[in-house]
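Okay, structure first, notes after.
A note on names: the letters A, B, ... follow the listed sequences, proteins ahead of strands, and every chain is numbered from 1. Worth saying up front: this structure is predicted, and the values here are computed from it rather than measured.
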Protein chains: 2
Amino acid sequence: MRQHVLLIEDDATVGRQVADHLQRAGYAVTWWTEGCLIDPHTASSVQLVVLDLTLPGTDGLDILKDVRCFSEVPVLVLSARTDSSYKTRALRLGADDFVSKPFWPDELLARVDARLRRPLLRRPGPIEAGPLRIDLEAAAVHFNGEPVHLTAVEFGILAALAVRPGQAVTRGWLVDNHLDPHRAGGARTLDVHVSRLRKKLGDQGIIETVFGIGYRFRGSVTS
Amino acid sequence: MRQHVLLIEDDATVGRQVADHLQRAGYAVTWWTEGCLIDPHTASSVQLVVLDLTLPGTDGLDILKDVRCFSEVPVLVLSARTDSSYKTRALRLGADDFVSKPFWPDELLARVDARLRRPLLRRPGPIEAGPLRIDLEAAAVHFNGEPVHLTAVEFGILAALAVRPGQAVTRGWLVDNHLDPHRAGGARTLDVHVSRLRKKLGDQGIIETVFGIGYRFRGSVTS
DNA sequence: TCAAAGTCTTAAGGAGGACTTAAGGTGTCC
DNA sequence: GGACACCTTAAGTCCTCCTTAAGACTTTGA
């Protein structure tokens, strides 16, 4: 039976991205674009809730408080607010995890995976592949011990590839998930980002081209 | 009792390919070349629907939305559109799976199989046969642990043979399903691809010639 | 064994996908 | 408002790989 995640997120872009990511990872996803209280039936039919706290109208904390009256379903909280008072309130009210926006979709996925105890897509901790070390949480990359400065998009693309070592990731998916969705010429833009990424990483064939498909991260990943 | 799949696909080439694949795998296939709403009787008489979203005239999403009013039949959605907004909409409207075009016919088959035969959780894993490992999802092949670089067509042909170990696959079918349909001299082209494939795989008789018929994958497939 | 049909191999051509560089534009920080 | 960083676009070049062609080789059936 496929595990079911309820996503409550009003922002279309973020919601789309998260839903897509979870879906691809094999979860069934129900996406509510408005904040409203979770009924007991829904709560018992999903295995996890991803809840954005900064919803218009309903306060996310109210939803959280309410659902805790009758359900123990794990709730992973998203918030643009980074102040720890808000965070601790959420955790005290029964949230199981807290992710600040902006976040890497893969980081969220890793946390969902961890919470549901599935075989992890990646192990916790930095990813290491040869001279490369990628720390998803810190959004930092080191190459031969030296810190490498990557832009947000570059890091996102690299991370997306690195958490799926040996697997081809399509150009279309990368464009959808890591480039501006409101622009048109995404395919060429992706070329440029990959090109720069390779140059910064010494161009040792770490990112392979899969002709006609996309790219693949090469190198054995040792947690 | 043979399981019945309803295929809604306007593109003749793709439709033929998919229908053929499913039929060979033992499914009864009904193929609609036009998008129109699915009546309750039809919905209840098939075990799965493969629905192309990019139909002329009727919007595939409307068909999906409509059928969900009265039926829980699994719907596997095909689309040439790779933008995830469309995809997410489809999934929210009740699609059970989503495959982007272009796709490997065998991948589609694997997903249909997964949904109808195997009680989930087990995603189609890599095919292993002796020193050879073929990962359909990752579009990757390893030989004696070493990654082997195959082109898209080569990979498609190998996969088509490998998922039918010991079974002769006709040249005509391979040409129809894995070569450019707009070209003429397909038979000779197939020769070339098979030749290259053998060379890359060490030419250990993995791909046998069945004279006058086609080719056969040799080796016991585990997993 | 011989002829005919089928298959294998190598090399070359061309179409389309991918890479690189440079420049434009947008947003952010001070 | 100005400087800066960064994403995107454009354009030209490079390169991969599907296809075709041609000839050698293998199998089949008489």
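Atom CG of A:D191 is separated from atom C1' of D:dA10 by 12 Å (rounded to the nearest Å). Atom CG in B:L174 sits roughly 13 Å away from atom P in D:dT19 (whole-Å rounding). Atom CZ of B:R216 is separated from atom P of C:dT7 by 14 Å (rounded to the nearest Å). The nearest whole Å value for the distance from the CD1 atom in B:I157 to the P atom in D:dC18 is 9 Å. Atom pair A:L190:CG and C:dG17:C1' shows a separation of 13 Å (rounding to whole Å applied).
A sub-4.0 Å separation between OP1 or OP2 of C:dG6 and a side-chain N or O of B:Y215 is absent. Neither OP1 nor OP2 of C:dC8 sits under 4.0 Å from any side-chain N or O of B:K199. Residue B:T209 places no side-chain N or O under 4.0 Å from the OP1 or OP2 atom of C:dG6. When the side-chain nitrogen and oxygen atoms of B:R188 are compared with OP1 and OP2 of D:dA21, none of them lie within a distance under 4.0 Å.
Around the CZ atom of A:R198, the shell of radius 6.0 Å holds more than 12 heavy atoms that belong to other residues, nucleotides or ligands.
In this structure the side chain of B:E9 never reaches within 4.5 angstrom of the side chain of B:V50, judged on heavy atoms. A:V169 has its side chain out of reach of A:I157: every pair of non-hydrogen atoms, C-beta onward, lies at least 4.5 Å apart. Side-chain atoms of B:P147 and A:E208, non-hydrogen and from C-beta on, never get closer than 4.5 Å to each other.
Residue contacts shown for B:V192 include a base, since a base heavy atom lies under 4.0 Å away.
Nearest to the side chain of A:F211, among C:dA18, C:dT10, D:dT27, sits C:dA18.
When all heavy atoms are compared, the tightest approach of A:A140 to A:F155 is N-CE1, 3.8 Å. Heavy-atom minimum distance, B:V210 versus B:A168: CG2-CB, 4.1 Å.
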Working for side-chain contact (heavy atoms from CB on, under 4.5 Å), residues B:Y215 and B:L197: CA-CA 12 Å; B:Y215 299 94; B:L197 206 40; over 6 Å; no
What's touching nucleotides 4-7 of chain D from the protein side, N or O pairs under 3.5 Å?
unit_1 : atom_1 : unit_2 : atom_2 : d
D:dC6  : OP1    : A:H149 : NE2    : 2.9
D:dC7  : OP1    : A:T151 : OG1    : 3.1
D:dC7  : OP1    : A:A152 : N      : 3.4
D:dC7  : OP1    : A:V153 : N      : 3.3
D:dC7  : OP2    : A:T151 : OG1    : 2.8

